[in-house]
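Please read the structure below before turning to the comments.
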Amino acid sequence: MKPADDVEELIRQLKCRATPEFRAAAREKMLAELDKAVAAQRPSLWRTIVTNKATRYATAASILVAALAAVVFWFGVSPDHHGVVLAEAVKRTQAMNTMIHREHRAFYRKGDEKPFLQGEAVKYISTDLGQVEKQYGANGELMYVAYYVKKEKRVVVLFPAVKRYLDLPLTDKLARLTDDVSPKGLVGLLTRHGHAELGRATFDGREVEGFEMSRESIGAVVSAFQDYPEVLILFPVKSAAARLWIDVKTSLPVGVEAELENGRGLLSLWQEGTVRFRAYDFQWNPDLDPEMFVPNIPPDYQPLDLQSIEKPAATGAVLLTLPLVAAYALRHRKCRRGQSSAGCLSGLSCFRD
Amino acid sequence: MFKDQRLAARCRRGDREAFCQVYDAHVDQLLGLAVSLLGDTALAEDVVQDVFVGFARSAATFRLTGSFRAYLATCTANLARDVIRRRQRRPEAVLPDSDPVDVDSKGPLEAAMEKEQSEHVRAALARLPCEQREAIVLRLHGQMKFNQIAAVQEVSLSTVRSRYRYGLERLRTLLERVEQRGV
């Protein structure tokens, strides 16, 4: 026994280790409570609309464009050669017509280890109607709502904080790819251009089988954006990688992890970087109200014109762009100090002035 | 601290992996804290489980102003105090069980001696007044600062220091008696 005068040290040395049974049970209870809390929180997210800062606006648009890219490259497939788990997943997802999932997105500048922007999105997907995507900022503020409307062949994006909207045509190529943005298309992406099997792992506490997309599909993703020169100017995608995780018990996908490398684009202030995505919390075949897939553009929203943006010469691009962004931010601030926002909040078209 | 803040931000978004990281990093420490406060492993496990369940329940509104260690230790101390109040009819805390007190990978003799020593220290802790025991355990086990403990106990800084000092003196006396008995 150590002398009693070392009593502080004696107490510091008291150790305790949770038994494996307790550790597992307490963790399970915590996660069950978390699931309940997250489920209860969802309706409040729908109501959350917080005013954004000016700088958030440009990044919101970049998130959208990056999300478009991610959407295209990780959902878009038809089955070919694959293992038992993937084959069963193809069969099971064929029967699904709707789904909901959450997605975490983090943006990194080249060379940085810490993201400069993070956000959470919720996606509602219908095989027949298209999809709706709601992107929230780190503090839960609604940054944009995007509608991919299949029948009307439109992509409509609302930016509530600045009361602006984008209305882009859904080109045939993107329409076809967006068609695969569905439960049926999800699994097939891996097999259209081949894939690598990653074996067993754990995703969100579930035993899963992993699959990684091949290099060929990356080329297909990039080529899909040739239809959108404005996207290439705003947020060019250089390369992509993605992994799909399928629950071995249910044979349904439970998660997707992806990484995009972006080249120099207007929305990244001509800086290269990386965007990381993590899709999770998949709900298969939920009841979705068809009305939610109809874009509802409020009458006081003004359109954005992306076509008018011209790419500056590579040299001096930063010098050209930064003052424009600063000018935009200043004008935006003036508006928020009391002037009418109708005239000057022309969104990205401000960059033309 | 910065790492904790990033983790807290992920927790606010309901990120299960972030919760698991927090859980894995602190469950043993909190259990040790609770066992020291309550002197009863089963009760301590209940308290620690309630701490993490409460933490998950507050996922959306959770705001971390300090470190996870201090936050969770405070929650544990508060819940343990509630348990102690509920069983206040009993004159003393229950003497600690030996399970699941940790035994590292040491020789059997050394492990047995350490286990015995731990039992003596825990038994002595259990004989301290609740406030003194809490001040000592939060300071030495929870690695909390005196001003943080003062906030938990809702008393002045000087009171916490006094509780800590008197508690240590009492512990020292109790342990010396054990030594003198040649145990």
Side-chain angles (χ1 to χ4, degrees), chain A residues 1-42 44-45 48 102-106 114-115 118-121 136-140 202-206 255 278 280-281, chain B residues 6 9-17 19-20 23-24 27-36 41 44-45 48-49 52-60 99-104 113-114 116-118 120-122 124-125 136-137 139-141 168 171-179 183:
Chain A
M1 174 119 183
K2 288 185 182 176
D5 55 4
D6 203 10
V7 67
E8 286 177 306
E9 192 52 36
L10 284 173
I11 295 168
R12 277 196 194 96
Q13 284 175 0
L14 288 178
K15 287 180 184 172
C16 205
R17 187 177 293 164
T19 60
E21 296 78 24
F22 167 71
R23 188 179 280 270
R27 178 202 292 259
E28 198 174 312
K29 281 208 168 187
M30 176 186 73
L31 292 176
E33 199 62 38
L34 176 64
D35 289 342
K36 277 190 220 163
V38 169
Q41 185 195 347
R42 269 186 203 125
S44 69
L45 277 176
T48 305
R102 291 159 68 92
E103 204 172 289
H104 179 65
R105 297 162 177 174
K114 295 169 190 167
Q118 296 186 72
E120 195 84 6
Y136 299 91
N139 297 316
T202 303
F203 188 95
D204 282 350
R206 294 187 178 92
R278 186 177 187 276
Y280 64 102
D281 201 5
Chain B
R6 280 190 298 172
R10 288 172 57 199
C11 289
R12 274 197 297 280
R13 291 192 298 271
D15 184 331
R16 291 168 67 96
E17 280 183 15
F19 274 87
C20 289
Y23 179 84
D24 290 338
V27 65
D28 286 335
Q29 181 233 342
L30 293 185
L31 189 62
L33 188 72
V35 169
S36 296
T41 304
E45 286 181 345
V48 171
Q49 181 172 288
F52 283 107
V53 165
F55 173 45
R57 196 175 288 148
S58 65
D99 290 330
V101 176
D102 175 61
V103 179
D104 286 326
M113 285 173 66
E114 283 199 3
E116 187 186 13
Q117 180 179 277
S118 294
H120 286 310
V121 175
R122 285 188 196 279
L125 265 174
I136 289 170
V137 169
R139 173 74 176 164
L140 298 176
H141 239 195
L168 281 187
L171 266 183
R172 197 169 288 123
T173 306
L174 289 169
L175 291 172
E176 276 170 359
R177 280 184 200 161
V178 173
E179 279 180 42
V183 180

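Residue numbering restarts at 1 for every chain, and letters A, B, ... go by the order of the sequence lines.
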Margin query: Restricting to non-hydrogen atoms, name the atom on A:Glu103 and the atom on A:Tyr280 that form the minimum distance, rounded to 0.1 Å.
Written below: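 In this case the closest contact between A:Glu103 and A:Tyr280 is N-CE2, 4.2 Å.
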Notebook entry, point to check: Side chain, backbone, both or neither: which part of B:Leu30 has a non-hydrogen atom closer than 4.5 Å to chain A?
Noted result: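 It is neither, since no heavy atom gets under 4.5 Å.
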Next item on the list: Check whether B:Val53 gets within reach of chain A through its side chain, its backbone, both or neither, counting any heavy atom under 4.5 Å.
Entry: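 Both parts, heavy atoms under 4.5 Å.
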Notebook entry, point to check: When heavy-atom pairs shorter than 4.5 Å are enumerated against chain B, which of A:His104, A:Arg12, A:Lys29, A:Glu33 gives the highest number?
Noted result: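 When all of A:His104, A:Arg12, A:Lys29, A:Glu33 are compared, A:Glu33 has the most.
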Got a salt bridge between [X] and [Y], using NZ or NE/NH1/NH2 to carboxylate O under 4.0 Å?
X	Y	result
A:Asp281	B:Arg16	no
A:Glu28	A:Arg23	no
A:Arg102	A:Glu120	yes

